[in-house]
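Here's the structure, in structure tokens; my notes come after.
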Amino acid sequence: MTEKELLAVACEQFLGKNVQDIKNVVLQTLEGHLRSILGTLTVEQIYQDRDQFAKLVREVAAPDVGRMGIEILSFTIKDVYDKVDYLSSLGKTQTAVVQRDADIGVAEAERDAGIREAECKKEMLDVKFMADTKIADSKRAFELQKSAFSEEVNIKTAEAQLAYELQGAREQQKIRQEEIEIEIVQRKKQIAVEAQEILRVDKELIATVRRPAEAEAHRIQQIAEGEKVKQVLLAQAEAEKIRKIGEAEAAVIEAMGKAEAERMKLKAEAYQKYGDAAKMALVLETLPEIAAKIAAPLTKVDEIVILSGDNSKVTSEVNRLLAELPASVHALTGVDLTQIPLIKKATSAQV
């Protein structure tokens with residue numbers, strides 16, 4: 001039953017049971033009432049009036065199953081029979097009469113049925129045509145209405161989707177705006193904190209770096225200025241010393257130049273006065289120096305060995321070298337040693 005109270009009763013009675021258990025309970029209840037009613041009726045009443053029998057069962061069983069929350073909607077007797085053929089014997093005469101009447105009735109019925117069948121077919125065709133027409137009209141109207149409904153549904157769906165998306169976009173925009181405002185507030189706070197930190201660091205730098213640096217710079221500047229003055233004074237003193245030394249050296253060079261010039265002047269006058277003799281004297285003075293320069297490489301030689309088995313040949317080699325000496329001096333200096341009387345006599349003696 002669908003009433004709230006009776007539905008609660010049904011839940012109380014059958015909660016936790018399966019469908020087969022419920023069927024068994026209802027079936028047993030109806031079977032019990034069926035047996036009690038069978039005891040109050042004759043066999044003929046039961047056999048001949050099954051509808052009355054079923055009605056009595058419904059009336060008697062309905063209160064009991066109703067108290068279980070079950071409502072009997074339909075109850076019919078499908079068959080009535082016995083195991084000793086009592087019911088079949090009871091109805092044989094009646095059955096024959098009924099069979100006769102039935103055959104007559106069947107023939108008449110078939111006749112009337114044929115007539116009625118033709119009429120019914122005609123009516124059926126008319127009704128079918130009208131029905132098909134109405135079905136087609138209804139189908140067309142249904143399709144049109146369905147299309148209109150679908151169009152309206154699609155429009156409403158699109159509007160709802162668009163409204164949903166717009167609302168979502170608005171919500172996202174609001175969320176983003178709030179996030180931006182939060183970021184702005186956080187950034188302002190961060191900027192304020194950074195500004196305070198900058199002031200603190202600036203003060204700390206002033207106290208720990210700038211002031212000591214300024215003092216150190218002032219000290220270094222004072223030292224540099226003192227060093228500068230010192231260097232200037234030293235440079236001035238050095239310049240004065242160099243100037244004095246230069247003047248002294250210039251004076252010495254001047255004096256030496258004058259002396260050398262005087263010496264050269266006197267030497268030139270002596271050369272001019274004595275002529276070839278002076279030149280000869282100058283050449284003779286420089287010959288040792290020239291000989292020293294020529295013999296300088298020989299100073300590194302420990303020993304000179306002349307391989308010759310003839311002593312006279314060694315002597316002749318030495319005499320040859322000495323004889324070539326005046327020619328070499330003449331080639332170098334232009335002075336002919338053979339014209340000097342002493343040298344000429346010595347050379348003749350050697351020859």
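Residues: numbered from 1 along the sequence shown.
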field: Basic-acidic side-chain contact under 4.0 Å: Lys156, Glu152
entry: no
- prompt: Going by heavy atoms in the side chains, are Gln190 and Val193 under 4.5 Å from each other?
  reply: no
field: Interatomic distance, Ile22 atom CD1 to Met68 atom CE [nearest 0.5 angstrom]
entry: 10.5 Å
Test item: Phe14 and Val25 side chains (from C-beta on) under 4.5 Å apart, heavy atoms: yes
- request: Compute whether any side-chain donor of one residue and acceptor of the other, for Gln231 and Glu227, lie under 3.5 angstrom apart.
  value: yes
- request: Flag the pair Glu143 and Arg140 as a salt bridge only when some basic side-chain nitrogen lies within less than 4.0 angstrom of an acidic carboxylate oxygen.
  value: no
Steps toward side chain to side chain contact (heavy atoms under 4.5 Å, CB included) verdict (Glu171, Arg176): CA-CA 8 Å; Glu171 294 298 329; Arg176 181 55 185 164; over 6 Å; no
- prompt: Taking the side chain from Asn24 and the backbone from Gln20, do they hold a donor-acceptor pair closer than 3.5 Å?
  reply: yes
message: Could you measure the distance from the OG atom of Ser36 to the CD atom of Glu31? Nearest 0.5 Å is fine.
response: 12.0 Å
- request: Please answer: with hydrophobic residues joined when any side-chain heavy atoms are less than 4.5 Å apart, are Val9 and Ile70 in the same cluster?
  value: no
message: What I want to check is whether the side chains of Gln177 and Gln173 have a donor and an acceptor closer together than 3.5 Å.
response: no
Residues Glu119, Lys122; criterion salt bridge (charged side-chain N to carboxylate O under 4.0 Å, His left out); working and verdict: CA-CA 5 Å; Glu119 293 176 352; Lys122 181 178 180 298; over 6 Å; no
message: With clusters defined by side-chain heavy atoms of hydrophobic residues (ILVMFWY) lying less than 4.5 Å apart, directly or transitively, does Phe142 cluster with Phe149?
response: no
query: Taking side chain as C-beta onward, heavy atoms only, is Gln186 less than 4.5 Å from Ile182?
result: yes
task: Report, as yes or no, whether the 6.0 Å neighbourhood of atom CD on Glu159 holds more than 12 heavy atoms from other residues, nucleotides or ligands.
output: yes
- prompt: For Ile191, does the CD1 atom sit with more than 12 other heavy atoms under 6.0 Å from it, leaving out its own atoms?
  reply: yes
- prompt: CG of Asp64 to CD1 of Ile72: how many Å apart, nearest 0.5 Å?
  reply: 9.0 Å
Cationic N near anionic O, under 4.0 Å, Glu108 to Arg111: no
task: Rounded to the nearest 0.5 Å, what's the gap from CG on Asp49 to OG1 on Thr42? Could you check?
output: 10.0 Å
- request: Could you tell me whether the side chain of Glu197 reaches within less than 4.5 Å of the side chain of Arg200, counting heavy atoms only?
  value: yes
task: Take Glu240 and Gln236, measure what side-chain hydrogen bond (donor to acceptor under 3.5 Å, both in side chains) needs, and give me the verdict at the end.
output: CA-CA 6 Å; Glu240 183 66 21; Gln236 291 177 353; over 6 Å; no
field: Linked, directly or transitively: Ile242 and Leu234 (ILVMFWY side chains, under 4.5 Å)
entry: no
task: In plain terms, say whether Glu181 and Lys174 are close enough for a salt bridge, that is, a side-chain N and a carboxylate O under 4.0 Å apart.
output: no
- prompt: Can you tell me how far the CG atom of Leu73 sits from the CZ atom of Arg58, to the nearest 0.5 Å?
  reply: 10.5 Å
